[in-house]
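Values below: every heavy atom of this structure, side chains too, minus hydrogens, waters and symmetry copies.
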Amino acid sequence: MEYIHSLPDGTKLAVWEERNQVMALGFPFRRGMGAVVLARDVLKDLTSTVFRGSVYYACHSLEHRILFGAAGEGQPTAILSDPSDERHYSALSLLEWKEELYLFFRAKSRLGKSWELKAMRPLAGREVKTLWEGLSETAEPVYAAGEKLVILADGKVCTWDGKQPPEKGELLRLGTGQKARDAILKLETENRQYKAQAEILVKKHESKLQEIKKQYDELAAYAAELQQEGKRWREKYYKKH
């Protein structure tokens, strides 16, 4: 997988997988700067995202460990280990949701007959939670982050508020495959539009408050001037009498 991330300072960082390595390259290009190696001995499942101004990434190593790190902050660390490859970790996905960084992934069940969808916060405790059990081997989850996290897999929908157990939905009427993906991506787009509209309203409200504060400050300053002027007139009056 390849990713291009926009950073707060206006630059961009490309992150990709090449010859069992995770590579990164910043641009616009600067003389003497080239691609750097973020991680070695990579097997598959590269995922990366921007969180609080830094680019974080995760991948599956050749030693069947899940590596996690941040670009420019040294070598990644192993946050999950499966040396015998019994759990078959796969389908990694880093996602910012509710101001937290989450890593979602699949793992084979203990009995080895089905798959489970799991989640952890790699920057906060790393407790692993099971969100969905009984998935097929071919289930490739799709996520839409809103007030609730909406997950599509096996043609079914699951919603999670981050605290209570996930709620399972009915089979999607649109069926599986691309149509189902389009439906959930549309939901994600609508959620982003709603957030953008909410931000505009907040900015308008803040602008109004600032204008009111400005008017108040001007009136307060004028009142102070009047008070000083009244004081001067009183002093003049008492001097004459």
Review point. For Glu99, does its backbone N or O pair with a side-chain atom of Arg52 as donor and acceptor, under 3.5 Å?
Key: yes
Revision key, fill the gap. What one should report as the nearest heavy-atom pair of Leu92 and Asp45 is CD1-O, 3.5 Å
Review point. Do Ser48 and His5 meet the criterion of a side-chain donor-acceptor pair at a distance under 3.5 Å?
Key: yes
Practice item. Might you confirm whether atom CD of Glu73 has over 12 heavy atoms from other residues, nucleotides or ligands at distances under 6.0 Å? Key: yes
**Study point:** N/O donor-acceptor pair under 3.5 Å between Asp82 side chain and Tyr89 backbone
**Key:** no
Check your understanding: Quick check: does any side chain N or O of Arg65 sit under 3.5 Å from a backbone N or O of Ser61, one acting as donor and the other as acceptor?
Key -> no
Revision key, fill the gap. OH of Tyr102 to OG of Ser93, rounded to nearest 0.5 Å, is 13.5 Å
**Study point:** side-chain contact (heavy atoms from CB on, under 4.5 Å) partner of Thr47, the single match among Tyr3, Tyr56, Tyr57
**Key:** Tyr3
**Study point:** Ser136 and Asp154 side chains, donor-acceptor separation under 3.5 Å
**Key:** yes
Practice item. Kindly check if the number of other-residue, nucleotide or ligand heavy atoms within 6.0 Å of CD1 (Ile4) is above 12? Key: no
**Study point:** Test item: Asp9 side-chain N/O and Thr11 main-chain N/O as donor-acceptor pair under 3.5 Å
**Key:** yes
Review point. Between the main-chain N or O of Gly162 and the side-chain N or O of Lys148, is there a donor-acceptor pair closer than 3.5 Å?
Key: no
Exercise for review: Evaluate the salt bridge (charged side-chain N to carboxylate O under 4.0 Å, His left out) criterion for residues Glu100 and Lys98: first the C-alpha distance (whole Å), next the side-chain angles of each, then the deciding distance (0.1 Å), finally the verdict.
Suggested key: CA-CA 5 Å; Glu100 295 278 0; Lys98 292 190 174 182; over 6 Å; no
Revision key, fill the gap. Smallest heavy-atom separation, Ser6 atom then Val50 atom, equals O-CG2, 4.0 Å
Practice item. Verify side chain to side chain contact (heavy atoms under 4.5 Å, CB included) between Trp132 and Ile151, making sure each step is shown before the conclusion. Key: CA-CA 10 Å; Trp132 201 332; Ile151 308 167; 4.2 Å; yes
Exercise for review: Might you confirm whether atom CZ of Arg126 has over 12 heavy atoms from other residues, nucleotides or ligands at distances under 6.0 Å?
Suggested key: yes
Point to revise | Whether Trp97 side chain and Leu101 backbone form a donor-acceptor pair below 3.5 Å | key: no
